[in-house]
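Quantities reported herein were computed from a predicted structural model and do not represent experimental measurements. Lettering of chains follows the sequences in order, A, B, ..., and the numbering in each one begins at 1.
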Amino acid sequence: MNFSEVFKQSNQLCKVSPDGKYLATCVQYRLVVRDVSTLQILQLYTCLDQISHMDWSSDSLFILCAMYKRGLVQVWSLEQPDWHCKIDEGSIGLVSSRWSPDGRHILNTTEFHLRVTVWSLCTKAVSYIKYPKACSKGIDFSRDGCYMALAERRDCKDYVSVFVCDDWHLLRHFETETQDLAGLEWSPNGCVLAVWDSCLEYKVLLYSLDGRLLSTYSAYEWSLGVKSVTWSPSSQFLAIGSYDEKVRILNHITWKKITQFEHPSTINNTKAVVYKEVERRPVVSDDLSLHNITVGTTLFNTQSKYEICPLPVQIPVVKPDPDRANPKIGISSLAFSADGRYLATKNGGFQVQSLSWHCTGDSLILLGKEQLCLCYMETEQEDK
Amino acid sequence: MGEWWTTVPIESSLGNFDISSISHATMSPSKQNNLLSMYSSLSLSKSSYSVISAFCTEDNIPQCISYINQELASLGLSSTCIEASSPGAAGLNPVPALNATYELLQIHRRTMCSLEELEREQLKKSSTLEHVQMNNSRLKDQLELSIREKSGLHEMERQLQLKIKTLQSCLKTEKDEVQKLQNIIASRASQYSHDAKRKERETAKLKERLSQLLVDRKDKKLAIDVLNCLGRSDGKRSHWKTAKAAASHEGEMYKSLLSDYEASQRSLMLENAELKKVLQQMKKEMIHVLSPRQPSIRGATADDSQEQADSDLEDRAGDSSRGSLDKSCEHAREQLTNSIRQQWRKLRNHMERLDSQASQVQNQLESNKDVISRETHEDEMERMRREVQQCKEFIDAQQQLLQQQLNTSFDDETAALLNDCYTLEEKERLKEEWRLFEEQKRNFERERTNFTEAAIRLGREKKAFEEDRASWLKNQFLNMTPFTDRRRCSSSDGQSALSIRSEPEMRMSSSKVQLPKSSTYTSFSTPKPAPSATVPSTTELYRTLRLIPDPSSTRHSSHGRWHESSTIEDGESQVKAKSRLRCGDLSIFSLGEDENSLT
C-alpha cells in the first residue's frame with residue numbers, strides 16, 4: 001500500500017467530495033481543497049475562525065464550514081471561488097450544522113437545541129423548527145433526499161416530525177412510544193423509519209412513512225438496551241446491536257427477530273477464522289474478530305503480520321467499570337456490506353473508530369486510533 | 001397280723017410292671033416322662049391292687065422276701081433285711097419289715113416332695129418360657145415396626161435432602177437474579193445520574209446564558225450574508241407553499257408507500273407461489289413414496305380413502321393454484337398444509353419402522369458377521385501361528401548351523417576334520433574335473449593332429465595343383481608365343497627357374513608348412529596346455545576351410561576349456577597370418593609368374 005505525504009489537518013476534518021474528485025481538509029481556519037488524484041491544492045479558503053465542522057454539499061459544488069464558537073457558518077463554492085456566504089446565528093449560538101440533501105439548504109442546530117434553523121441559499125429564507133431533541137441521532141434524511149425525520153421532545157414526550165425536503169413542509173407529526181428517544185433512521189427505501197429508545201430501555205419502534213406504527217420490538221427488559229442500529233442496503237433487515245453483546249436481526253415482513261448473533265469471548269465456531277496481529281514491537285496488539293467471515297486475507301505494513309490463530313481463541317476482554325455510565329460494552333458499530341452478504345460488528349471496547357465497507361462489498365476497512373486494517377473477503381464461486 | 005401281712009404285701013407288692021417302672025424312676029428321677037410314667041404307674045398301682053396281689057402268694061414268700069431284700073439292697077437301704085419270722089414259716093419278721101416299709105415310705109415321701117418341687121419348678125419354668133416367648137414375639141414385632149419406621153424416615157430424609165438441594169439451587173438462581181437485578185439497577189442508576197448531571201449542567205449553562213443575554217441586551221441578530229442567491233439544485237423554480245402543494249406532497253408520500261408495498265407484495269406472492277409449488281411437489285413425492293408400501297402394511301380401504309382424499313385435495317389445491325381469489329383459497333391452503341402434515345407423519349412413522357427394521361437386521365448381520373469374522377479370524381490366526389512356528393524353526397536351524405560354524409573354529413580337531421572333509425570333497429571334484437579336462441584335451445589334440453595332417457595333405461595337394469597349374473600356364477604361354485624354340489629352352493630354364501624358384505618356394509612353403517608342423521609337433525610334445533602362439537588349431541583349419549563359424553561363438557566358460565578357447569583365440573590370428581602368408585605365397589607365385597611372363 002502506498003501512502004502519500006502527510007498533510008496537516010485539524011479536528012479530523014478531512015472529507016472527499018461526493019463525486020470523488022476533490023479532497024477537502026481543514027487546517028485551523030483554512031480550508032484546503034485538493035484534487036484527489038494529484039493532491040494538488042486547487043482552492044484555498046480562509047474562514048473567520050477555527051473551523052469546527054466541514055461538510056460537502058451533495059452535488060460537490062459547495063463546502064460548508066461551521067465555527068461553533070462564533071456561531072458562524074461559511075459556505076464556499078468550488079466553481080466560483082469568489083462566491084461567499086456567511087450565516088450568523090447570532091447570540092443563539094450554534095451546536096451543529098449540516099447540509100440538506102439538495103445541497104441548497106443548511107440546517108443549523110442552535111445551542112441548547114433550542115431550535116433548528118433552516119437557511120435557504122436559494123431564497124435566503126429562514127425557517128425554524130422548534131423543540132428538536134438533543135439525542136445522538138435526532139435528524140435523519142431519507143436516502144432519496146425527499147424526507148427528513150426530526151426527533152422532537154415537548155412536554156416530556158417524544159415526537160417525530162417528517163418534513164418534505166422540497167419545501168420543508170411538515171408532512172407528519174406523531175408521537176412515539178419511547179421513553180427517551182435516542183435515535184432514528186430511515187430505511188434505504190425510504191418507507192420505514194426505525195426509532196429506538198435510549199439504553200435504559202430496549203425498544204425499537206418501526207413507523208411507516210405516513211406515521212403509522214408498524215411494529216415494536218423489545219428483546220429484554222431492564223438491562224441496558226440498544227447501542228447501535230443499522231439497516232441492510234435492501235431494507236430487508238434491521239440489525240440491532242445491544243449492550244448484551246448480541247446483534248439481533250429483524251426481517252421487514254414480520255418485524256420479528258429472525259436470528260441473533262453472539263459475541264462470545266471465546267471463539268469456538270469451526271467456521272470462524274481469527275486473525276491476530278502480531279507486531280514486532282512490544283506494543284499492545286490489536287485483536288479483532290469479525291463475524292460471518294468465511295475467508296479473508298489482509299494487507300498490512302511490514303512491521304506487523306497477521307497470523308491465523310488456532311481455535312478456540314480467547315479474546316482478551318477488558319471488563320468495563322459497570323458503575324460508570326455508557327459502559328464500553330456491547331455492539332457499538334454495525335455495518336452491512338453493500339450486497340448485504342456480510343455484517344461487520346464491533347463489540348466491546350476495542351479501539352476501532354469506524355467500520356466501513358467498500359461499495360463492491362468485498363472489502364472492509366477498519367480504522368483504529370493508530371492502525372488501519374483492510375480486510376478482503378474471498379468471494380465464493382457461484383455454483384449456479 | 002395276718003391281715004396286716006396280707007394288706008402290706010398287697011400294698012407293697014406292686015407287681016412286675018410297677019417294680020420295673022419304679023426302678024426306672026429311681027434310676028433317673030429327673031426325667032419328666034419317667035415322672036409321668038411314675039405318676040401313671042403310681043396311679044395304676046393305687047388302683048390295680050388286684051393285679052399286684054399276684055406278686056406274693058403263700059408259696060413264694062421266701063422268694064419274695066429274697067427278692068425284696070435284693071431290691072432294698074440295690075436301692076441302697078441299709079435297713080435290715082426282711083427275714084422270715086422263722087425259717088420255713090409263712091410269716092415275716094415284723095421289725096425289719098416295718099423298718100423297710102418305713103424307709104420305703106420315707107423314700108416315697110421324699111420323692112413325692114421332690115416331684116412336687118419339680119412340678120412347681122416346671123410350672124414356673126414353663127410360665128417364664130411363655131413369658132419370654134411372648135416378650136420375644138412382641139420385641140420382634142417392635143423391631144419390625146421400628147425397621148419400617150426407619151426406612152420410612154430414611155425415605156423422608158432423602159426426599160427432604162432433594163428438596164433441600166432444589167431449594168438451594170433455587171436460592172442460588174434467585175440470588176443470581178437478585179445480583180443481576182442489582183447490577184442492572186446500579187447501571188441504570190449510574191445512567192440516570194449521569195443524565196441528570198448532564199441535564200443539570202445544561203440548565204446551568206442555559207441559566208448562565210439567559211442571565212448573560214438579559215444583562216447584555218445586545219441581541220446579535222441572526223443574519224445571512226450571501227453574495228448571490230443560488231439556483232435550485234434541480235434547476236426548477238421554487239413553488240409557493242399552497243394547500244395544493246401540501247396535498248401533492250401527501251400524494252407523493254402515499255404513492256411511494258404504495259409502490260413499496262406493492263413491490264413487497266409482489267415478491268411475497270412469488271415466494272408464496274414457490275413455496276406452494278414446493279409443498280405440492282413434496283406432497284406428491286411423499287404419496288409416491290408411501291403408496292407402494294401402504295397396501296402391504298395397512299388395509300386397502302384406508303389407503304384408498306386416503307388417496308381419494310389426497311386426490312381431492314390435489315384437485316382443490318390445483319384449483320386454488322390457478323389463482324382464484326375467493327375464500328376457498330385460504331381453505332385450500334389450510335387443507336394443503338394439513339394434508340402435507342398428515343403425509344409427513346405417515347412418512348415419518350414409516351421411516352421409523354424401517355429404521356427399527358434396519359437396525360434389527362443390522363444387529364443380526366453384525367452378529368453373523370461376528371461369527372463369520374471370528375471363524376475366518378481364527379483361521380487366519382492359526383495360519384499365521386503356523387507360519388510363525390515354521391519361521392521360528394527355520395531361524396533356530398539357521399542359528400544352530402551358524403553356531404556350529406562358529407563352534408568349529410574353537411574345536412580344532414573337528415575343524416580340521418571338517419576342513420579335511422571339505423577339501424577332500426573339493427579335491428575329488430577337482431580331480432574329476434581335471435580328468436574331464438584331460439580327456440577333452442586329448443580329444444582335441446587328436447582332432448588337431450588329424451586336421452593338421454589333413455591340412456598338410458591339402459597343402460601338398462595344393463602345391464601339386466599349383467605346380468600343375470603353373471606348368472599348364474607355362475605350356476599355354478609357350479604355346480601361344482611365336483618364339484616357341486627360344487621359349488622352350490628358356491621355358492625349361494624358366495621352368496627350371498620356376499621349379500628352382502618354386503622349389504625354394506616349395507621349400508619355403510614346405511618349410512613354412514613344416515614350421516607349423518614342427519610347431520604342431522612342438523605343441524604336441526608339450527604336455528602342458530600352455531598357450532603357444534603358433535599352434536594352428538583345428539578350428540583355424542576349419543575356418544580356413546570355411547567349415548566352422550567364428551570362434552567367438554564357440555567360447556566355453558567351463559572349467560577345463562578356457563585354455564582351449566584361448567588357443568582358439570590365438571589361433572585365429574594365426575590363421576589369418578597364415579592365410580596372409582598363403583596369399584603372400586600366391587602373390588609371390590604370381591609375381592614370379594609375371595616376372596616370368598615379362599622376361
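Minimum heavy-atom separation, A:C191 to B:L257: O-CD2, 3.9 Å. The two residues A:F112 and B:K205 have their closest heavy-atom pair at CE2-CB, 3.4 Å. Counting all heavy atoms, side chain and backbone alike, B:Y261 lies closest to A:R212 at OH-NH2, 3.0 Å. The two residues B:Y192 and A:L200 make their nearest non-hydrogen contact at CE2-CD1, 3.1 Å.
Neither the backbone nor the side chain of A:D144 has a heavy atom closer than 4.5 Å to any heavy atom of chain B. Heavy atoms of B:K180 lying under 4.5 Å from chain A are absent altogether. Contact annotation for A:W222: both backbone and side-chain heavy atoms come within less than 4.5 Å of a heavy atom of chain B. Heavy atoms closer than 4.5 Å to chain B are found nowhere in A:L61, neither backbone nor side chain. Neither the backbone nor the side chain of B:Q212 comes within less than 4.5 Å of any heavy atom of chain A. For B:I185, no part lies near chain A; criterion is any non-hydrogen pair under 4.5 Å. There is no contact between A:C146 and chain B, counting heavy-atom distances below 4.5 Å.
Listed options A:Q236, A:K124, A:E111, A:H252 were ranked by heavy-atom pairs under 4.5 angstrom with chain B; first place goes to A:K124. For the set A:E89, A:Q74, A:Q80, the count of heavy-atom pairs under 4.5 angstrom toward chain B peaks at A:E89.
With sequence neighbours excluded, the residues that form a ring-ring contact (aromatic ring centres under 6.0 Å, His included) with A:Y207 are A:F174.
Under a 4.0 Å N-O distance rule, the pair A:R172/B:E250 qualifies as a salt bridge.
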